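Working notes for the structure below.
As the structure is a prediction and not an experimental result, all values here were calculated from the model.
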Amino acid sequence: MTTLLLPQPNHIFKPLLVPNQRHRKPYSSPVISAVSGKQLVTSGEVRAVEPREAKTVVSSEGYVLLDVRPSWEREKARVKGSLHVPLFVEDPDNGLITLLKKWIHLGYIGLWTGQKFTMFNDEFTLRVVEAFPDKKSKVLVACGEGLRSLMAISKLHGEGYKSLGWLTGGFNRATDGDFSEIEGPEELRFATIGGASYYFLKLLVLLQSFGKENR
């Protein structure tokens with residue numbers, strides 16, 4: 001009988017030091033991967049799972065939750081017992097061209113969203129295969145908004161995984177009670193939000209709370 005080694009709960013991905021890592025190029029074709037992932041879901045080859053169904057799918061149907069968000073999002077809020085393998089990691093290159101790209105990214109995206117300048121994680125597939133050597137493993141793939149997880153299921157399906165699930169809309173659509181236990185200082189649905197938009201959101205929540213108290 002073959003023994004399947006399940007991933008350790010709350011595993012936090014720690015990238016390995018790779019020689020000449022600073023010369024690796026950022027991932028440049030997310031749209032193609034996202035479209036193919038969407039096709040897999042639409043065709044029924046990958047199961048679409050609503051956040052309200054996730055607890056039952058994990059506890060009763062044998063799925064393991066795979067969180068593909070970057071580490072700075074997961075540190076804010078995460079589902080206890082989930083496996084973490086980020087699809088994108090922060091680009092460590094500090095060459096002149098990359099620094100210019102990082103500066104542009106900061107001005108247009110980073111300051112508002114808090115998202116860092118990233119590159120595709122070259123070790124993504126390797127780490128998933130290490131955790132799930134059996135290609136029949138039931139894996140529910142999730143991210144913040146559902147786009148990165150679509151890319152992830154496209155890659156994993158191409159690697160031979162045929163029992164994949166996709167968390168529809170990502171953790172942003174999660175509500176209280178959708179998962180058994182959440183760890184971290186933030187609400188799961190707000191973990192993707194950072195930068196100036198985070199403080200804007202907090203202000204809106206505060207104003208809504210103040211409005212309800214004065215009705």
Side-chain angles (χ1 to χ4, degrees), residues 7 10-18 20-38 40-41 46 65-79 82-95 97-132 139-159 161 164 166-173 184 186 188-195 197-198:
N10 305 317
H11 171 71
I12 301 297
F13 170 80
K14 294 183 179 180
L16 298 176
L17 293 177
V18 180
N20 300 321
Q21 186 180 39
R22 67 186 301 274
H23 298 296
R24 297 189 315 189
K25 301 299 182 181
Y27 187 60
S28 59
S29 57
V31 175
I32 296 176
S33 296
V35 170
S36 61
K38 185 176 182 180
L40 290 170
V41 173
V46 170
L65 183 62
L66 173 61
D67 185 346
V68 301
R69 296 175 301 165
S71 58
W72 53 89
E73 290 183 25
R74 182 176 168 87
E75 288 167 359
K76 294 179 184 178
R78 57 196 172 274
V79 178
S82 61
L83 175 72
H84 181 223
V85 183
L87 185 66
F88 291 94
V89 293
E90 185 175 6
D91 191 340
D93 185 14
N94 288 318
I97 295 178
T98 303
L99 285 176
L100 178 60
K101 291 180 179 178
K102 288 181 178 181
W103 179 254
I104 295 173
H105 170 85
L106 179 66
Y108 281 91
I109 300 175
L111 287 175
W112 175 249
T113 66
Q115 290 294 330
K116 300 178 182 179
F117 188 74
T118 59
M119 60 183 288
F120 181 75
N121 179 13
D122 293 335
E123 298 177 355
F124 173 75
T125 303
L126 173 63
R127 297 308 175 200
V128 174
V129 172
E130 286 179 348
F132 304 103
V139 184
L140 176 58
V141 187
C143 66
E145 299 176 334
L147 295 178
R148 291 165 293 187
S149 50
L150 281 176
M151 300 180 214
I153 63 174
S154 176
K155 288 190 67 64
L156 295 178
H157 188 271
E159 287 292 324
Y161 289 93
L164 296 171
W166 173 61
L167 188 68
T168 306
F171 291 128
N172 286 13
R173 291 181 54 187
E186 296 291 342
L188 186 60
R189 61 191 176 122
F190 295 150
T192 304
I193 303 172
S197 60
Y198 172 81

For [X] against [Y], the heavy-atom pair lying closest together:
{"X": "Ile153", "Y": "Gly37", "answer": "CD1-O, 3.8 Å"}
{"X": "Leu140", "Y": "Leu167", "answer": "CD1-N, 3.8 Å"}
{"X": "Ala152", "Y": "Leu87", "answer": "N-CD2, 4.0 Å"}
{"X": "His157", "Y": "Leu164", "answer": "N-CD1, 3.7 Å"}

If we only count heavy atoms from C-beta on, is the [X] to [Y] side-chain gap below 4.5 Å?
{"X": "Phe124", "Y": "Leu156", "value": "yes"}
{"X": "Trp166", "Y": "Leu40", "value": "no"}
{"X": "Ser71", "Y": "His84", "value": "yes"}
{"X": "Ser82", "Y": "Arg74", "value": "yes"}
{"X": "Asp67", "Y": "Val79", "value": "no"}
{"X": "Arg148", "Y": "Pro70", "value": "yes"}

Item to check | Contacts of type side-chain contact (heavy atoms from CB on, under 4.5 Å), residue Thr125, not counting sequence neighbours | outcome: Val129, Lys155, Glu159
Checklist entry - Testing Lys76, Glu145, Arg78 for side chain to side chain contact (heavy atoms under 4.5 Å, CB included) with Arg69, which one passes? => result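 Exactly one pass, corresponding to Arg78.
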